[in-house]
Structure formats: structure tokens, C-alpha cells
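Heads up, the thing below is written out as C-alpha cells.
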Amino acid sequence: MQQHDATSTPPSSAQFSEAALRIESNRLWPPERPLEKPARTGLFANVIRQFDRAADLLNLDRSVRKILSHTMNELTIHFPVRMDDGRIEMFTGYRVQHNNALGPFKGGLRFHPSVDLDEVRALAAWMTWKTAVARIPFGGAKGGIQMDPSRYSHSELERITRRFTFALGDNIGPEYDIPAPDVNTNAQIMAWILDTYLSFKPPQERQRCTHVVTGKPIESGGSLGREKATGQGVVFLIEHWARDNRLDLVNCTFTVQGFGNVGSWAARLLARHGAKLRAVQDVTGSIANPDGIDAEDLAAYVRRRGGVSGYTRARPIDADQFFATPADIFIPAAMESQITLETAPLLQVRLVAEGANGPTDADGDAILEQRGIQVLPDILCNAGGVVVSYFEWLQNKRSEFWELDEVDAKLRRKMSTAYEQVRSTVQRYRIDWRTAAYVVALTQLELVYKERGIFP
Ligand code: GLU
């Protein structure tokens, strides 16, 4: 997909074969439709609201503002896959590339029923801000397939992943757009993407393309420390915040929403400081234990059983009780829009450390601010994953293999620098942490646009 903007997305790609779609989506189609105004509702609208707040404060250049409030490229692909019983099922997948001013497009792929164009647009834009805040040379993208992966067998998942990768074709690439794991995707899925992508390259080129995807299994070119990286980054930031706010992590308490990769790693790593996990919620239910939940034991249970429900070393509670559980820190590490008009008033914590992307909506943000609950925002707090993806990408390019302590030390440094930069922006402008993180990102992007200008 060469450069084209939001206006070029075909209305329904179902009419096109995959090959035709790849060609069509590169054309300006329809040619003269005016640039859409970003929608007022939905997740992308929430991103624009967050963006506007920082852009107003910075008095961001008007042209840069216009560019960044739109995505660059949007690809919708409908593709058929043969199921184990011989039936053909149609799937819809997306890849949205928001911006590549700072480097190749970068961002995960998620497999989830809620995946749609609006969600993927928002997630792609958050990646642009995140990579800018973390100061890694990447832009922002995101993609996924609208599906519930738990309904499919291992071999069906493999065929779905491979067929989607084939359909993406050269819209991804090691120096162009680099996918990674996200909700319900993992190292195995990245290995299938890698293998499919390489199968369509001449044999001579394959060895220099392994960085087309990050979050791979170690043996297939992955990096040590990548699996825990997002959770590790969250904990590094909590360590900083705790020092600044005189909170002793040894005796502190926390709650976690989502016990997948990010939530379970954040919980396990924070527990190693002596912090007590009081309550956990995931799609299967909510559980609590005032004496503490063993995060390692719960992670093993969730791996076996697929969710926290039925875990006998804690008692089941309802969703409201989960949100109202008193603790020092709440780590949302699941889906978007969880801290809202309804749930934000229930929270009894000092800090929300956003492991998920977009867990707090605009109402939620306003209520947290009013109640004096601090937020370490997603684009800062969960950047650890993409930072170690960057390390993996570098290792592949240089044919290197870094030790875990080297990866961890470099991640710690990146997260500390980002934290300190956002903190000094908070102090300088007397603003909330989310707006400050946007200010850091937008300042960087504006500079690059000013230096390079806009073609022609
Ligand atoms: N999906 C992760 C995120 O939202 C990681 C993206 C990446 O490593 O490219 O930040």
C-alpha cells in the first residue's frame, strides 16, 4: 500500500478479489471525495479529543494538526478460509497505518469480535503517540481480524492467520510496516505470519526479512524479554511513580483487570516487590481475596482454564465490587473504555496505571481528574512492548542476540527517560499526565514535519 489517504478506502471490498483489492486500495477511490471530518463518536473520536487538548495547549501547527487527525492508509480485507469440516467461512481483517513520519509503521494485530475500522484507527493513532513518547524510530499502525479465536481449532487459526498475511501482501514489510502481538495473538501467530510472508519472497531475500514481524518465538528470531515486556514496562513506571509519591511497594495493594499477557506479567512482576494483589477481573468474571492472590498461581490457573472464574483461592465478586475494591493501584490491562461515567466513581485507588490501550474514556478521565486519582496514561505506561519490539527488530537487522539483562536494562532506561520527560511536561504546563504525554509526542512530530516540509 503506497501512500494514499482515508478517502481512498473502497466502500465495500467484498466485491474485489484479494489481489484486486490490493490494487484498488492503492488508488484514490473515489477520486474527488473531500477529506472526511473525524467522527464525533466512537473510539477514534476519543483519540481526537485527547489529541485536541494537547494540540490546543501547544498551539500545534495547523497543517500538522490536520495531518495527524487523520489516518494515512486503511485496508479492509474480506477473505475466505476453509474450516476443519470443509466449510468456507468469510473473515474481515484490517490494517490501518496512521502515521510514519518518525519511522516505519508499527503496531500489533488483534483477534477479537470488537475489531472494526473505528477501533483499529484509534489503536493505530495511539501507536503513533506511543512510539514518539518512547523515542523509538517508528510510526503507528494497528490491525486485526474481527473474530472470536476461542471458537476455532489450532489448525483453523493457522489457516486464518496465513490467509490474512497473504492478503496483506506487501502492505506489511520489515522496513515498512511491522506487526506484533496484541489482544488474543501471540508468538505462535507471529511465527505463522513470518513464515507466510517469507514464502512469497525469493529465497535470497528471506534471511534479511525476519524483522517483518516482532514478538516472534525466540528460536524464530524473537527477543528475550519480549513476552513480559509490556507488563515489565508498566512495573518500571509504577516504581518511578511510587518513589515520587512516597508509596512503599513492599506493602502496597493493587487490582488488575485482564489476566492475559499484560495483566498477568504486570501482576507477577509487581508481586515480586511484595505488593499484594487484591482483586482480578477478566471476561470470565471477577475474584477477590483481601489477604492477597498469588499471581504466579493464578497465571498458571488461567493458562489451564482460560480465565479467572472458578479459581478457589479467591472468592467470586460482581463487577461493581471489583471496581470498588480499595487498593493503592489499579492496572487496567484488558480492553478499551472500561473506566467510564459508571465505573470511575467506584474506584478507590491512588493510581491508575494503564496497561491496556484506551481503557479510560473521556468521561472517565474527567471523573478521575476531579477525584484526584492519578493516571499513568497508556501511550506512556504500556510502551514497554513496542520498545522491546524495537530491540527485537534491531537484533534481527544486525544478526545479534542480546542477553535478557541487556534487554531489561535498555528497557528500563527507555521507560525512565520517557517517564521523566512526561513528568517535567506535567510540571511545566501544570497539566494531567495524559495531556503531557501527548505534548511530548506532538512536539516531536511537529518538529519533524517542520524540518521535512510537506511534498510537493
Ligand atoms: N500491541 C502492543 C501495543 O499495543 C505492541 C505493539 C508492537 O510491539 O508493535 O503496544
Side-chain angles (χ1 to χ4, degrees), residues 37-57 68-69 71 96 98 107-108 110 112-130 133 140 142 144 182-183 230 234 255-258 260 262-263 281-283 286 319-320 322-325 329-383 422 431-439 441-442:
K37 283 250 180 311
R40 270 179 231 280
T41 57
L43 215 52
F44 189 62
N46 186 32
V47 178
I48 297 300
R49 259 196 300 271
Q50 297 172 347
F51 168 82
D52 279 344
R53 200 162 157 174
D56 287 344
L57 190 84
L68 292 177
S69 56
T71 60
V96 171
H98 174 257
R110 65 171 57 176
H112 195 274
S114 76
V115 169
D116 64 15
L117 202 49
D118 175 58
E119 185 188 65
V120 178
R121 276 179 181 153
L123 292 163
W126 279 319
M127 287 308 301
T128 301
W129 322 137
K130 194 186 302 187
V133 171
K142 200 75 156 210
D182 198 79
V183 175
T230 311
V234 170
T255 59
V256 176
Q257 185 193 45
V262 180
Q281 179 183 65
D282 73 3
V283 273
S286 307
D320 280 0
F322 168 77
F323 280 101
T325 305
I329 304 165
F330 172 40
I331 306 175
M335 298 296 286
E336 307 88 42
S337 306
Q338 299 298 307
I339 303 173
T340 60
L341 199 60
E342 285 81 40
T343 58
L346 303 176
L347 290 178
Q348 296 188 59
V349 295
R350 290 175 63 185
L351 173 71
V352 172
E354 295 185 338
N357 292 308
T360 310
D361 72 9
D363 293 331
D365 255 335
I367 295 166
L368 295 183
E369 197 171 342
Q370 204 186 326
R371 296 189 57 214
I373 297 175
Q374 286 200 38
V375 178
L376 287 172
D378 47 7
I379 58 172
L380 167 68
C381 192
N382 72 33
V422 176
I431 47 174
D432 63 284
W433 281 70
R434 191 183 313 285
T435 310
Y438 269 77
V439 165
L442 297 184

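On a predicted model such as this, the values are computed, not experimentally measured, just so you know.
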Report summary line: Residues at least two apart in sequence or cross-chain that pass side-chain contact (heavy atoms from CB on, under 4.5 Å) with A54, listed by chain then number, are T435, Y438, V439, L442

Query raised in the report: Taking only residues two or more places apart in sequence, or in another chain, which ones meet T255 in a side-chain contact (heavy atoms from CB on, under 4.5 Å)?
Result: R278, A279, F322, T325, A327, F330

Query raised in the report: CZ/F323 to OG1/T343 distance, rounded to the nearest 0.5 angstrom?
Result: 4.5 Å

Query - Set of residues satisfying side chain to side chain donor-acceptor pair (under 3.5 Å) with respect to D363, sequence neighbours excluded - result: none

Report task. Please say which of L123, N46, D361 ends up in a side-chain contact (heavy atoms from CB on, under 4.5 Å) with E336. Result -> L123

Requested in this report: Please report the shortest heavy-atom distance between V47 and A122, naming the atom on each side.
Outcome: CG2-CB, 3.6 Å

Query raised in the report: What distance do D365 atom CG and I339 atom CD1 have between them, rounded to the nearest 0.5 Å?
Result: 8.5 Å

Query raised in the report: Could you give the distance from OG1 (T71) to CG (L117), rounded to the nearest 0.5 Å?
Result: 7.5 Å

Query - Residue list, side chain to side chain donor-acceptor pair (under 3.5 Å) with S114, at least two apart or on another chain - result: H112, E119

Query raised in the report: So, does Q374 use its side chain to make a donor-acceptor pair with the main chain of L351 at under 3.5 Å?
Result: no

Requested in this report: Verify, without hydrogens or angle tests, whether D118 (side chain) and L43 (backbone) share a donor-acceptor contact under 3.5 angstrom.
Outcome: yes

Requested in this report: Name all residues meeting the side-chain contact (heavy atoms from CB on, under 4.5 Å) criterion together with A319; count only those two or more places apart in sequence or in a different chain, and write none if there are none.
Outcome: Q281

Query - Where at least one partner belongs to residues 344-353, residue pairs that pass salt bridge (charged side-chain N to carboxylate O under 4.0 Å, His left out), sequence neighbours excluded - result: none

Query raised in the report: Listed by chain and number, what are the side-chain contact (heavy atoms from CB on, under 4.5 Å) partners of A437, not counting sequence neighbours?
Result: V133, P377, I379, V422

Report task. Applying salt bridge (Lys or Arg N to Asp or Glu O under 4.0 Å), name anything that partners D320, two or more places apart in sequence or on another chain. Result -> none

Report task. Look up atom CD in Q257 and atom CG in D282, then write down how far apart they are to the nearest 0.5 Å. Result -> 9.0 Å

Report task. Using the salt bridge (charged side-chain N to carboxylate O under 4.0 Å, His left out) rule, collect all pairs that involve residues 367-381, keeping only residues at least two apart or in two chains. Result -> R53-E369, D378-R434

Query raised in the report: What residues form a salt bridge (Lys or Arg N to Asp or Glu O under 4.0 Å) with D116, not counting sequence neighbours?
Result: none

Report summary line: Exactly one candidate in F51, W126, W129 meets ring pair (Phe, Tyr, Trp, His ring centres under 6.0 Å) with H98; the answer is W129

